[in-house]
Amino acid sequence: YTDVQLACMVWQNKFGTGETRKKSLGNRYKKVQSLVEKGVGKSKDSKITINALAKEVINRKWGDGDDRKKRLTDSGFNYNKVRLEVNRLM
């Protein structure tokens, strides 16, 4: 998973809080927590989040085709909004 994906999962409470989260995220805790503190991943409609996701999609960090659509949707994002931002950036 990318750091943005992990931040989304933190907002979905998939890693618990405090020490449980630190242990679950291991050496990636500081980077992911920094993103969480900035609100990244909190709202699927956040412009910065959609933009960051679009850049990751362009760099193939979310897979391709139906796999990408499923992974984005499962992470709570609006696939069509991400796709539109990818198109805008291209």
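Note that the structure is predicted; figures quoted are calculated from it, not measured.
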Peer 1: Measuring from atom CG of Asn78 to atom CD1 of Ile50, what distance do you get when rounded to the nearest 0.5 angstrom?
Peer 2: 6.5 Å
Peer 1: So, the side chain of Glu56 versus the backbone of Leu53: is there a donor-acceptor pair under 3.5 Å, distance only?
Peer 2: no
Peer 1: Kindly compute the distance separating CZ (Arg28) from OH (Tyr1), expressed to the nearest 0.5 Å.
Peer 2: 11.0 Å
Peer 1: Please give me the minimum heavy-atom distance between Thr73 and Tyr79, naming the atom from each residue.
Peer 2: OG1-CB, 4.0 Å
Peer 1: Would you say the side chain of Leu72 lies within less than 4.5 Å of the side chain of Val57, judging by non-hydrogen atoms?
Peer 2: yes
Peer 1: Shortest non-hydrogen contact from Val40 to Ala7?
Peer 2: O-CB, 3.7 Å
Peer 1: Checking side chain to side chain contact (heavy atoms under 4.5 Å, CB included) for the pair Leu84/Arg88: CA distance, chi angles, key distance, verdict?
Peer 2: CA-CA 6 Å; Leu84 288 172; Arg88 188 187 73 78; over 6 Å; no
Peer 1: Within a reach of under 6.0 Å around CG of Asn80, are more than 12 heavy atoms found that belong to other residues, nucleotides or ligands?
Peer 2: yes
Peer 1: So, does Arg21 use its side chain to make a donor-acceptor pair with the main chain of Gly16 at under 3.5 Å?
Peer 2: yes
Peer 1: Can you tell me how far CD of Gln5 sits from CZ of Phe77, rounded to the nearest 0.5 angstrom?
Peer 2: 8.5 Å
Peer 1: Please determine whether side chain to side chain contact (heavy atoms under 4.5 Å, CB included) holds for the pair Trp11 and Val36, giving the CA-CA distance in whole Å, both sets of side-chain angles, and the decisive distance to 0.1 Å.
Peer 2: CA-CA 8 Å; Trp11 285 109; Val36 169; 3.8 Å; yes
Peer 1: Side chain to side chain donor-acceptor pair (under 3.5 Å), that's the test. Do Asn51 and Lys55 meet it? Break it down for me.
Peer 2: CA-CA 6 Å; Asn51 184 268; Lys55 289 176 182 176; 3.3 Å; yes
Peer 1: Once you round to the nearest 0.5 Å, how far does OG of Ser34 lie from NZ of Lys38?
Peer 2: 4.0 Å
Peer 1: Side chains of Lys30 and Gln33: closer than 4.5 Å at any heavy-atom pair?
Peer 2: no
Peer 1: Rounded at 0.5 Å granularity, tell me how far CZ in Arg83 sits from CZ in Arg68.
Peer 2: 10.0 Å
Peer 1: Is Asp67 reaching over with its side chain to a backbone N or O of Gly63, donor-acceptor style, under 3.5 angstrom?
Peer 2: no
Peer 1: Which distance, rounded to the nearest 0.5 Å, do you find between the CG of Leu25 and the CE of Met9?
Peer 2: 9.0 Å
Peer 1: Main chain of Lys69, side chain of Trp62: is a donor-acceptor contact present, judged purely on distance under 3.5 Å?
Peer 2: no
Peer 1: I'd like to know if Asp64 and Arg60 make a salt bridge, using a cut-off of under 4.0 Å between side-chain N and carboxylate O.
Peer 2: yes
